[in-house]
Engineer: 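Let me begin by handing over the structure; questions about it come next.
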Number of protein chains: 2
Amino acid sequence: MLIGEFAKRVGVSTDTIRFYGKVGFFSSSRSENGYRHYTEKDIETADLIASGKSIGFSLREILAFSQEMTDGVLDHARAQESLQSKINLIDERIASLKRVRKLAQQQLDYCRAVEAQELSV
Amino acid sequence: MLIGEFAKRVGVSTDTIRFYGKVGFFSSSRSENGYRHYTEKDIETADLIASGKSIGFSLREILAFSQEMTDGVLDHARAQESLQSKINLIDERIASLKRVRKLAQQQLDYCRAVEAQELSV
DNA sequence: GTAAACCTTGGAGTATGCTCCAAGGTCCAG
DNA sequence: CTGGACCTTGGAGCATACTCCAAGGTTTAC
Ligand SMILES: [Zn+2]
Ligand SMILES: [Zn+2]
Ligand SMILES: [Zn+2]
Ligand SMILES: [Zn+2]
């Protein structure tokens, strides 16, 4: 499919798709007139970008990750090490999020208590 | 304490501290010679910034949050709404992280299996 | 054949979050 | 009273991730 349809399907602008392409994402096939072509695999890549971004990874990190996700010529030991360190990082982020969630929950409870007290006076 | 000591204690550069100050963080007290002063409360703020950043919030979001964390003159209903939406966002992020963690784990398992197979051939 | 709706490139501009000067004032030790 | 370690300001520069625009080529529809 062409860039317009692709961009619509993955929910970002054509400019953003071209930008991701420059970074190194997507198969870089073109038709004779120079138009970019995208496949279903590129849709998966775009979904991975969205997931990665939503959890705070940079495009370069996501690119490295997406390349590790295509097990092929790569050095297995290195790929495994990298994947494991990514998993560890994710676990750390989950732990951080839970800490901040707890803080927010405590503040919410406190705010509710103060409000209840004010209303009863 | 002065900016150098403060920056060292929270583990960032003095430039970064001045930048956070411009954004609106920290008590803005100065001595007569113009030197910035920081307190233990500012240390807590710096810790909150570190937590917030590590989980992907922008400085402005963290600023808003840190202001909500000081329940005072604020509109309770609004503060509660905001805190609740922050908690919901955190829950979404945790869910996203778990999804990507699962992907990475699957790829890791797959990579290990491929490696084992290669070795046994 | 021409208009609309696509596509191309290059380059400029924006927001965030720093980072690094340069030029100068302050403070303290010897 | 001078050196070194602080501090100040302002402004430039940088990386990331877009976003927008201009100028122009392509395709399709009437
Ligand atoms: Zn195609
Ligand atoms: Zn309240
Ligand atoms: Zn002080
Ligand atoms: Zn492998």
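So you know, we letter chains A, B, ... as the sequences are listed, proteins then strands, and number each from 1.
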Engineer: Detail all sub-3.5 Å separations between protein N/O atoms and N/O atoms belonging to nucleotides 23-25 of chain D.
Structural biologist:
residue, atom, partner, partner atom, Å
dG25(D), N2, Tyr35(A), OH, 2.7

Engineer: Once you round it to whole Å, what is the distance between C1' of dC7(C) and CD of Glu32(A)?
Structural biologist: 15 Å
Engineer: With the side chain of Leu2(B) defined as its heavy atoms from C-beta on, choose the nearest nucleotide among dC7(D), dT19(D), dC27(C).
Structural biologist: dC7(D)
Engineer: Test your reading of the model: is there a side-chain donor-acceptor pair from Ser120(A) to the backbone of Gln117(A), 3.5 Å cut-off?
Structural biologist: yes
Engineer: In sequence, state the C-alpha distance, the side-chain angles, and the governing distance for Arg78(A) and Glu68(A), and then conclude on side-chain contact (heavy atoms from CB on, under 4.5 Å).
Structural biologist: CA-CA 10 Å; Arg78(A) 247 188 93 183; Glu68(A) 275 149 24; over 6 Å; no
Engineer: List in numerical order all residues of residues 47-60 of chain A for which some heavy atom is under 4.0 Å away from an atom belonging to DNA chain C.
Structural biologist: none
Engineer: Over how many whole Å does the gap from Glu61(A) atom CD to dA17(D) atom C1' extend?
Structural biologist: 14 Å
Engineer: If we ignore angles and hydrogens, is there a donor and acceptor under 3.5 Å between the side chains of Asn88(B) and Glu92(B)?
Structural biologist: no
Engineer: Tell me: OH of Tyr38(B) to C1' of dC6(D), nearest whole Å?
Structural biologist: 14 Å
Engineer: Would you confirm whether Ser51(A), through its side chain, and Asp47(A), through its main-chain N or O, come within 3.5 Å as a donor-acceptor pair?
Structural biologist: yes
Engineer: Measure the distance from CZ on Phe25(B) to C1' on dG17(C) and round it to the nearest whole Å.
Structural biologist: 12 Å
Engineer: Nearest whole angstrom, please: distance from the P of dG10(C) to the CZ of Arg18(A).
Structural biologist: 12 Å
Engineer: Check whether any side-chain N or O of Thr16(B) sits under 4.0 Å from OP1 or OP2 of dG17(C), and answer yes or no.
Structural biologist: no
Engineer: Measuring to OP1 and OP2 of dT9(C), would you say a side-chain N or O of Arg30(A) lies under 4.0 angstrom away?
Structural biologist: yes
Engineer: Tell me the interatomic distance from His37(B), atom NE2, to dC7(D), atom C1', rounded to whole angstroms.
Structural biologist: 11 Å
Engineer: From NZ of Lys22(B) over to C1' of dA15(C), roughly how many Å is that when rounded to an integer?
Structural biologist: 16 Å
Engineer: So, does Glu61(B) use its side chain to make a donor-acceptor pair with the main chain of Ser58(B) at under 3.5 Å?
Structural biologist: yes
Engineer: Taking only side-chain N and O atoms of Arg36(A), does any of them lie within less than 4.0 angstrom of OP1 or OP2 on dC7(C)?
Structural biologist: no
Engineer: Would Tyr20(B) and Thr45(B) count as a side-chain contact (heavy atoms from CB on, under 4.5 Å) here? Give the steps.
Structural biologist: CA-CA 10 Å; Tyr20(B) 290 166; Thr45(B) 303; over 6 Å; no
Engineer: Does the structure place the NZ or CZ of Arg93(B) under 6.0 Å from the centre of the six-membered ring of Phe57(B), at an angle of no more than 45° from the ring's axis?
Structural biologist: yes
Engineer: Assess whether a salt bridge exists between Arg9(B) and Glu40(B), defined as any Lys/Arg side-chain N lying under 4.0 Å from an Asp/Glu carboxylate O.
Structural biologist: yes
Engineer: Whether the Ser31(A) and Asn33(A) side chains hold a donor-acceptor pair (N or O, under 3.5 Å, no angle test) is what I'd like checked.
Structural biologist: yes
Engineer: Over how many whole Å does the gap from Asp15(B) atom CG to dT9(D) atom P extend?
Structural biologist: 12 Å
Engineer: Does Asn33(A) place a side-chain N or O at less than 4.0 Å from the phosphate oxygens OP1/OP2 of dT27(D)?
Structural biologist: yes
